[in-house]
Each structure stands twice: as C-alpha cells, then as structure tokens.
Novice: 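My questions all concern the structure below.
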Protein chains: 2
Amino acid sequence: MKYSVMVEYALHSLVYLIDVPKNESIGIKDLSEFQGLSETYLSKVLGKLSKEGIVSSVSGVKGGYRLNRKPEDITFWDVVRAVEGEDPIFQCKNIKANFAYQNKNQKCESCSSQSNCTINSVMLEAEEHMRNYLRSKTIAWLEEELLRTLPKEQIEEAKNFFKKTI
Amino acid sequence: MKYSVMVEYALHSLVYLIDVPKNESIGIKDLSEFQGLSETYLSKVLGKLSKEGIVSSVSGVKGGYRLNRKPEDITFWDVVRAVEGEDPIFQCKNIKANFAYQNKNQKCESCSSQSNCTINSVMLEAEEHMRNYLRSKTIAWLEEELLRTLPKEQIEEAKNFFKKTI
DNA sequence: TTAATCAACGATAAAATCAATCGACGATTA
DNA sequence: TAATCGTCGATTGATTTTATCGTTGATTAA
C-alpha cells in the first residue's frame, strides 16, 4: 500500500509555483527539467491539480501553470485528494452473504455507507485522522518551513532557474 | 491508493478466532467456507499473521489457527502491519540531483531518514496519526463492540458454525 | 496569417503490484 | 499407512501505476 509518485511530484512542483506572480506562469518543461522528471507524465499531475482548482493553466506560447488559490488555502490534503482521489484507503469488498457481521443477502453496502460494520468504521476513522493532519498543513506553511530550514544556496538556485525562464 | 483485501480478510478472520480455546483451533477450510473466501489465498493471509506472532498455527489433521496473544494485546495496527508491511505509505522517490530541497549528489536518502525533507516528514507524521488510532483499537475491543451492536442471531450463527467443526 | 509553442486529452505500452491458483512438502492424526 | 492440514514457492491473470506518443486547440510572435 502506498501513494503514487504523483503525490510527490505534485507537492514538490507546487513549491516552485508559490512565488509566481498572478500574470506569469511556469511551463511544464521547466518544472520537469529542473526536477528531472518526465515532461508528459508531470503534465498529467498538473492536469489533476488544475481540474481541482489548485493551480490554473495558461495555454499557448509562454503558457504554463500558477497557483489558483492563495498558498494558505491549499492544504496537503487538497493535493493528495486531487491526485489520489476521494476513495477510502480501506474498502470493504463485501465478504459474501454468510459473512456473520451483516444481514444475509444485504451485501456489504452497509459497510460503505458507514452504518453497522465496525471494522470498516474503525478503518475509516483511522484514515480520517491522517486526513485531518494533512488538512492542518498548508503550502504557505511549507514555504515558511523551507525558507527556515534549507540552505540559502538551494533556495537561490531554484529561484534563479525559474526567474530566467519567465 | 488502497489497502489490499488481505487486511479485510485478516481482521474478519481474527474475530472468529477470539473465543477459540488454547488447545483447539479453526482450520483454514472452515474460515474460508464461512466467509466465502478462497481457501488458498486466505491461508496466505493467516500465514502472515502467524509469522508476526498474532496467531499460532497447528499443522496436521485437526490443525488450524488460534490467537497467539490475548485479544487485548492485538491492535488493528498489528494486523495491518503484519499484512501490509512496515513501509511508509509515502515514499520519497528521490526527485533527482538538482532537486532544490536537498544537497546535490546526496540523493534522497535524507528523506527516508527523516532528516531534512519537510514534505516527507509531513507525510510520515500524517501516517503516524493514522497508525496511532489503529493502535488504540484492539481485537478485544472489537469483540465487545460486535457483541453490543450485532443482532444476536448473527453471533449465534457464527458460533454454531465453528462449534460443530471443532 | 503563418509558424512555433504550449496545455489538454486519449490511446497505448511497459512495468509493478495484487488476487488467486497450483503443486510439492512436511507435520500430524487416526 | 493413508488422509488431513499448514507452509512455501512458482505461476497466472487482472488491475494499477508509470510513462510515452500523437493529436488537438489555444496563444503568441514573426
């Protein structure tokens, strides 16, 4: 069980978009080149973020992406959800009719509708704890943290790379 | 991203083992038949639980499985870990050398060793919140809950099914 | 208006993972 | 000794993930 690398690509890419002014944008080519990622694949990731309104895209020459919301209004959970979807990590696959924890012939729709399957509700609750933590961390917070902890040269390096491309 | 069905199979199967006396056991055939699951596949699941000391197995005729620890000493997390392994959900795949949040040529071992990759540590912390909740729920608690909430007939049905097989 | 650049999208392919089966093996019991 | 049962490894098929390719349509610069 693991998150797809898309989550990693998305979170990392967003960092570079934080300081992009409203009228500018960073192209997929620069984002992928700087991070050493596949251009086409990364564009799928950004597409997901775009569809969820986390970034906005600019078509055509000089096009690219920029944040569509303020960094303090983008949480880690927003990003994970945009990329991975809303489905719960634990899905009750309905262990058959004579499964003793539900009524016969009822299938396990009872599980997915959080009613009476205890096991399922524990797993959903556990996941909710993870989500709540992810909701508490924003991209704005991330930037502060990075500025505080990273060597200045690394920050400058990124800044310079993207500056020249705008 | 999702847990494998093994987790579901494991948790459900454990419930039937709670009341099995120390000198008895329930065979994979009965466990799988009652739940409508593949016998061979379920045996893989029980094998994982056995390897982690959650259940113990009895070979040979009249063999099977029983709990190897007291139900109050088996948490949901123990089960998930036994089945899914210890690897974190979010694994930093090392976004290359010129990734700005780490030193060049250092790869992202820094991420996996929780040092300086902020993104990684947020994801690990989030996961830890989920794990902590799973650690707080035991199989003993689960049984109480089931006894409290399930229709008596369902409980009897399971009890009778396994009683006759012992 | 034309050419070049770029995001969006769908089809496809390759790789990895998951679900499940099969067969051989060793242990146990009757 | 024969039947039963858990263990283990190999294998298969299905699904998911990762990645590429080619097309389309929007935008800009020439």
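Values below: every heavy atom of this structure, side chains too, minus hydrogens, waters and symmetry copies. The structure presented is a predicted model; accordingly, all values stated were derived computationally and were not measured. Every chain is numbered from 1, with letters handed out A, B, ... down the list of sequences.
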Novice: Can you name the nearest heavy-atom pair linking F90(A) to E127(A), along with the distance?
Specialist: N-OE1, 4.2 Å
Novice: In whole angstrom, give the distance that lies between atom OH of Y41(A) and atom P of dA11(C).
Specialist: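 Roughly 18 Å, once rounded to whole Å.
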Novice: What's the closest nucleotide to the side chain of Y65(A) if the choices are dA7(C), dT7(D), dC21(D)?
Specialist: dA7(C)
Novice: Could you state the atom-to-atom distance from CG of L37(A) to P of dA19(D) in whole Å?
Specialist: 8 Å
Novice: In terms of the nearest nucleotide of DNA chain C, which residue is placed more toward the 5' end: S43(A) or G60(B)?
Specialist: S43(A)
Novice: In whole Å, I'd like the distance from the CG atom of D87(B) to the P atom of dA16(C).
Specialist: 16 Å
Novice: Looking at dA20(C), dT28(C), dA26(D), which one has an atom nearest to any side-chain atom of Y9(B)?
Specialist: dA20(C)
Novice: For the pair made of CD in E52(B) and C1' in dT7(D), what is the distance, rounded to whole Å?
Specialist: 16 Å
Novice: Counting distance only, does the side-chain N/O of S121(B) pair as donor-acceptor with the main-chain N or O of T118(B) below 3.5 Å?
Specialist: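 Checking the backbone N and O of T118(B) against the side chain of S121(B), a donor-acceptor pair under 3.5 Å is found.
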Novice: With heavy atoms under 4.0 Å as the rule, sort K2(A) into base, sugar-phosphate or nothing.
Specialist: sugar-phosphate
Novice: Please tell me which of the listed nucleotides, dT20(D), dG6(D), dA7(C), lies nearest to the side chain of S59(A)?
Specialist: dA7(C)
Novice: What integer distance in Å separates Q91(A):CD from dC18(C):P?
Specialist: 14 Å
Novice: Nearest whole angstrom, please: distance from the P of dA8(C) to the CD of E39(A).
Specialist: 13 Å
Novice: Taking all non-hydrogen atoms of both residues into account, name the closest pair between L31(A) and S13(A) and its distance.
Specialist: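 Taking L31(A) first and S13(A) second, the nearest heavy atoms are CD2-O, 4.1 Å.
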Novice: Ignoring the backbone of V5(A), work out which of dT28(C), dA19(D), dG10(C) is nearest its side chain.
Specialist: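 Side chain of V5(A) sits closest to dA19(D).
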Novice: Mind checking T40(B) for me? I need base, sugar-phosphate or nothing, with any heavy atom below 4.0 Å counting as a touch.
Specialist: base
Novice: Would the base of dG9(D) count as contacting K44(B) through its side chain, where contact means a donor and an acceptor less than 3.5 Å apart?
Specialist: yes
Novice: Nearest to the V61(A) side chain among dT18(D), dA4(C), dA8(C), which nucleotide is it?
Specialist: dA4(C)
Novice: Please check if the side chain of N120(A) supplies one atom and the backbone of C117(A) the other of a donor-acceptor pair under 3.5 Å.
Specialist: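 No; zero donor-acceptor contacts below 3.5 Å.
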Novice: Using a cut-off of less than 4.0 Å, is there contact between a side-chain N or O of S38(B) and OP1 or OP2 of dT21(C)?
Specialist: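 Yes, within the criterion.
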Novice: Please classify the nucleic acid contact of L46(B) as base, sugar-phosphate, or nothing, using heavy-atom distances under 4.0 Å.
Specialist: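 The residue L46(B) makes no contact with any strand.
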Novice: Check the distance between dC6(C)'s P and L42(A)'s CG and give it to me in whole angstrom.
Specialist: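 Taking CG of L42(A) and P of dC6(C), I get 15 Å after rounding.
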Novice: Does the side chain of S57(B) get closer than 4.0 angstrom to OP1 or OP2 of dC5(D) through an N or O atom?
Specialist: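 No, S57(B) has no side-chain N/O under 4.0 Å of OP1/OP2 on dC5(D).
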Novice: Where do V80(A) and L134(A) come nearest, in terms of heavy atoms and distance?
Specialist: CG2-CD1, 4.2 Å
Novice: In whole angstrom, what separates L49(B)'s CG from dC8(D)'s P?
Specialist: 13 Å
